[in-house]
J.: 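Okay, handing you the structure first.
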Amino acid sequence: QDTFTLKLAETWGPNFPIFGDATKNMAAMAEKMSDGRLKIQIDSANKHKAPLGVFDMVRAGQYDMGHSASYYWKGKVPNTLFFTSMPFGMTALEQYAWFYYGDGMELMQEVYEPFGLKSFPGGNTGVQMGGWFRKEIKSVEDLQGLKMRIPGFAGEVFAEVGVSPTNIAPGELYTALERNTIDAVEWVGPALDLRLGFQQIADYYYTGWHEPATELQFLVNEKVWEKLPADLQEILRISMRTAAYDMLIQSQHENAKAWANIKEEYPNVQIKNFPDEVFQAMYKANNKLLKEAAAGDELAAKIIKSQEDYLKDSRAYTDISERAYLNTMGSVE
Amino acid sequence: MIGMIMFLAALFMLMLGFPVAFTFGGLALFFGVFSQGMDLFAFMPYRIMSVMQNTVLMAVPLFIFMGVVLQRTRLAEQLLTSMGRLFGGLPGGLAISTILVGALLAASTGVVGASVVAMGLISLPVMLAHNYDKRLATGTICAAGTLGQIVPPSIILIILGDVLGLPVGDLFRAAVGPGVVLIGLYIVYILIMTRFKPETAPPMPEDNSISRKKEVMNALLAIIPPLALIVIVLGSIFTGIATPTESSALGGVGAIVLAIIYRQFSFQMVWNASKDTVKVTAMVFAILVGATAFSMVFSYTGGDYLLEEWMLALPGEKWGFIILAMLVIMVLGFFIDFVEISFIIVPILAPVAEALGINMLWFAILIAMNLQTSFLTPPFGFSLFYLRGVAPPQVRTIDIYKGVLPFILLQVFVLALIVIFPEWFGMSSSY
Amino acid sequence: MQWIIKLDEGLARLSNFCGWVACVAMLLMAGNVFFDVVARYAFNEVSIGMQEMEWHLYSVVFLFGIPYALRTDGHVRVDVLYSRWSNKAKAWVNLTGALVFVVPFAYLIGIYGYDFALDSYNMGEGSGDPGGLPQRWIIKSAIPVSALFIAIAGLNMATFALRVMSGEKQYEGENSAGGLA
Ligand code: NA
Ligand code: NA
């Protein structure tokens, strides 16, 4: 029986926690389940030097697979935006249901097909935090001209309500926030934020709304996929799906641990929600941007509608199950 | 194995005197195409793109521009000679001034290419004009220019923070002590050295027409404007007006303003400064592009796995591990770029160090200090290339190689101090 | 011989043109960064488009500077032996190096860089950030264009070496960007 070695390029550096663990986890499962017939060799960003070139490199066949996030390709293929997480969108549980039991996988394939790529869910961070702020946000007024590192679509939403999204090289982020070159930074969640040390220099940690369920992605070159025998395809599919789900669990675990650590060692840090008025404004801005996207592109319209419909139905159930339970707990504590 | 053969080939080929950047690139091409085929080079555009999008490197042309303008308007000379005059009849004054200016620049950038070239432009002509020994002059400049790596902000520390998962702020704070000690030792070394060999660093000629007091006053007055410029650059970082990278643009614009104030300004001067800047910037980046091709071939032919094997063979006992790890990093630093070392080797060492109960902050500072040395070690130390690139023809590569030796020894000495007496630097070796 | 001199001087003009482009980009970049800092600090105005323009210009500085520095002999050499050699020996090193190292290296970067830029053009790639610059293919094509000019500068190095061999020209007593400092 033939053995296959697939080369995978990941967007993250070596030893990058949680995200990188998902890739390693997937590779280890695939190799074990296939009894060594399917090997996945991971190259981190330090080797290929192109963290945001993963899409192109897998498409061109320089790598067989990739591990990244779909919204990074928004500048090339606008519709890839929808498969990571949307502001005011679904939670991880709802979104996985949409991917696997709703139209998610099919729509995602429709977007990636023309580029000879297959895309799979690649691990979820859970709700991302809304960012570290040096001053408290009490009104929409406070957001006017606020300089914040916030990339991508969420940055566009923030820009609509008056924030000035700002580019800062990741290596200079800490210094820039410490010295008020910028006023706020959006990163990921406690576990990864802790590494950058923002808790030492910013007092307000805002809860998230913009990426309620950030899903990473595995990319596979279609020609490579088709060369695999049916059993190895299945092993790869299951490995990716299991590793993705496992990352959500690991995120919960690591974030909880990191948050406990921040709470204990950095009493300066206060958790804040944006005021309702700010949420209202951002919600409106988000809907406006989505409407614009839907007007310009048929497929975009189809995806947005599918997500909206699914969210509505799914949320109705979340409301009487998860939310009801959390509310109950809130009232007995 | 191909990677190792390629290094030996480079060692030999560089001696032929063909430009360093294209010797790296050409060798990468031969070894790469023969072992992996042409398509390996399909990765090159991505690697060049990653240099293009690395905005921190923008500090290189911007700082060089500041240096060139200061040099062309003779303001740099004024700064250094005036500082030198403050030392009166003491030899070595210019060298000590160079180190102090280098320390200030180091505090405003973490990019070695930027500070070494800027320091070369600012102080090499002045020291040579005052009959300094070529070796002492070039060694001082390389060492002072390379300080940017250990004095925060610093690229090495940022990369190590990323690889080791340590907060950048903690690393920056921990590096201040070693940086200050290093600067102090450089100065002490020059004071001692020039006492025994005053002819290598003659003092500024005394101006007998005016009193010593007046001379000092004049010198202080002359220092103020150029020093103010550097202080503004630093100040813009500390007050958050600009990021370290952006501050270098303030430096360039500020230098032009100074030129206007001193009536040295002309559009011709600015255009010529731009031309010089482009030439030197191109020299620095050609080396980066050649080196990225070289390291691409090195890692895609399995060099990274070979290094991994070596690292895993290190002893599993704390002091043996530390000493051997430091030796290996130092030897590899002779040949391999510090970024490669941080990314390939450090992730392998980190879990072992952690398991041995080693304080990771301390470990990171040791590595940073060690890697800083790698910029100075012949034959591939990038600082040496950069300085050679702007030095006049009478300064030979071999002068620079010999000139940096004492400074390398000083760095190793400080490294040993941090290993043996971590508490002197506010750290502990275990947690 | 006459045609080699003509060719050499023609090629040199192309490299000087690159130098001109890089110098203009250099001044624009310094102004661009300065403007962005002032706008952000004094007026709270941030334009991601202008911020991206910074690295676009900076890329042009070094990508077009490299061929220019080749013509002006600005790339650093290890001169332990080189500086003692005769003009003829230097010419041989430069002729061989130019044809064996510089031109093939530039050729490979050029062809793969062309695909890289073409891909970006076909996908209509732009910035993914709010207010970022569209048409990313323009800056990506700076890679193959720079490679083309590096190849030209490499040929130029060879033609100059031939002129030196014939005794008509000499390498000046220095190498690298020497004398700047
Ligand atoms: Na995020
Ligand atoms: Na520094």
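Here is the naming used below: chain letters follow the sequence lines, and residue numbers restart at 1 for every chain. The structure presented is a predicted model; accordingly, all values stated were derived computationally and were not measured.
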J.: B:Leu27 versus chain C, heavy atoms under 4.5 Å apart: side chain, backbone, both or neither?
T.: both

J.: Is C:Phe116 close to chain B through its backbone or its side chain, or both, or neither, when contacts mean heavy atoms under 4.5 Å?
T.: side chain

J.: Tell me, side chain or backbone of C:Val38 under 4.5 Å from chain B's heavy atoms, or both, or neither?
T.: neither

J.: Considering only heavy atoms, which portion of C:Phe105 lies under 4.5 Å from any heavy atom of chain B: side chain, backbone, both, or neither?
T.: both

J.: Please examine the side chains of C:Tyr68 and B:Lys279, heavy atoms only from C-beta on, and report whether any two atoms are closer than 4.5 Å.
T.: yes

J.: How far apart are the closest heavy atoms of C:Ala69 and C:His75, and which atoms are they?
T.: CB-NE2, 3.5 Å

J.: For chain C, which candidate among B:Leu62, B:Leu288, B:Val60, B:Leu387 shows the most heavy-atom pairs at distances under 4.5 Å?
T.: B:Leu62

J.: Heavy-atom distances under 4.5 Å only: say whether B:Ala28 touches chain C with side chain, backbone, both or neither.
T.: neither

J.: Side chain from CB out, backbone as N, CA, C, O: work out which of these in B:Val33 comes under 4.5 Å of a heavy atom of chain C, or both, or neither.
T.: side chain

J.: Do the side chains of C:Met29 and B:Phe65 get nearer than 4.5 Å, heavy atoms only?
T.: no

J.: Is B:Phe43 close to chain C through its backbone or its side chain, or both, or neither, when contacts mean heavy atoms under 4.5 Å?
T.: neither

J.: Could you check whether B:Phe7 and B:Phe294 have their ring centres less than 6.0 Å apart?
T.: yes

J.: Which bit of C:Ile66 comes within less than 4.5 Å of chain B, counting heavy atoms only: side chain, backbone, both or neither?
T.: both

J.: State, without any angle test, whether C:Asn32 and C:Tyr58 hold a side-chain donor-acceptor pair at a distance under 3.5 Å.
T.: no

J.: Given heavy-atom pairs under 4.5 angstrom as the criterion, report whether the side chain, backbone, both or neither of B:Asp399 touches chain C.
T.: neither

J.: At a 4.5 Å cut-off on heavy atoms, which part of B:Tyr386 comes close to chain C: side chain, backbone, both, or neither?
T.: neither

J.: Give the ring-plane orientation class for B:Phe24 versus B:Phe385, where under 30° counts as parallel, over 60° as perpendicular and anything between as tilted.
T.: perpendicular

J.: Does any backbone or side-chain atom of C:Leu57 lie under 4.5 Å from a heavy atom of chain B? Answer side chain, backbone, both or neither.
T.: neither

J.: So, does C:Ser141 use its side chain to make a donor-acceptor pair with the main chain of C:Ile138 at under 3.5 Å?
T.: yes

J.: Side chain, backbone, both or neither: which part of B:Val253 has a non-hydrogen atom closer than 4.5 Å to chain C?
T.: side chain

J.: Could you look at B:Met44 and say if it's the side chain, the backbone, both or neither that has a heavy atom under 4.5 Å from chain C?
T.: side chain

J.: Taking side chain as everything from C-beta outward and backbone as N, CA, C, O, which of these in C:Trp85 sits under 4.5 Å from a heavy atom of chain B? Side chain, backbone, both or neither.
T.: side chain

J.: Please identify, among B:Ile398, B:Leu57, B:Val270, the residue contributing the most non-hydrogen atom pairs under 4.5 Å to chain C.
T.: B:Leu57

J.: Just checking B:Phe267 against B:Phe265, ring centres under 6.0 Å apart?
T.: yes

J.: Select, from B:Ala273, B:Gly25, B:Ala249, the one with the greatest count of heavy-atom pairs under 4.5 Å involving chain C.
T.: B:Gly25

J.: Can you tell which part of B:Ile287 gets under 4.5 Å to a heavy atom of chain C, answering side chain, backbone, both or neither?
T.: side chain

J.: Using 4.0 Å as the upper bound for N to carboxylate O, is an ion pair formed by B:Arg72 and B:Asp276?
T.: yes

J.: In terms of heavy-atom pairs under 4.5 Å, which option from C:Val102, C:Val61, C:Ile150 contacts chain B the most?
T.: C:Val102

J.: Where does B:Leu29 contact chain C at under 4.5 Å (heavy atoms): side chain, backbone, both or neither?
T.: side chain

J.: Quick check on the interface: out of B:Thr281, B:Ile48, B:Thr245, who has the most heavy-atom pairs with chain C under 4.5 Å?
T.: B:Ile48

J.: CH2 of B:Trp271: more than 12 outside heavy atoms within 6.0 angstrom?
T.: yes

J.: If I measure from the heavy atoms of chain B, does C:Arg71 come under 4.5 Å with its side chain, its backbone, both, or neither?
T.: neither

J.: Under 4.5 Å heavy-atom distance to chain B, tell me which part of C:Tyr41 shows up: side chain, backbone, both or neither.
T.: side chain

J.: Heavy atoms only, distances under 4.5 angstrom: which of B:Ala21, B:Gly252, B:Pro61 has the most pairs with chain C? Name it, please.
T.: B:Pro61

J.: Could you check, using the six-membered ring where one of them is a Trp, whether C:Phe160 and C:Tyr171 have ring centers closer than 6.0 angstrom?
T.: yes

J.: Please classify the contact between C:Val60 and chain B as side chain, backbone, both or neither, with a heavy-atom cut-off of under 4.5 Å.
T.: neither

J.: Once rounded to the nearest 0.5 Å, what's the spacing between atom CZ of B:Phe41 and atom CE of B:Met38?
T.: 10.0 Å

J.: Identify which part of B:Thr23 has an atom lying under 4.5 Å from any heavy atom of chain C, answering side chain, backbone, both or neither.
T.: both

J.: Are the side chain of C:Lys140 and the backbone N or O of C:Asp119 linked by a donor-acceptor pair below 3.5 Å?
T.: no

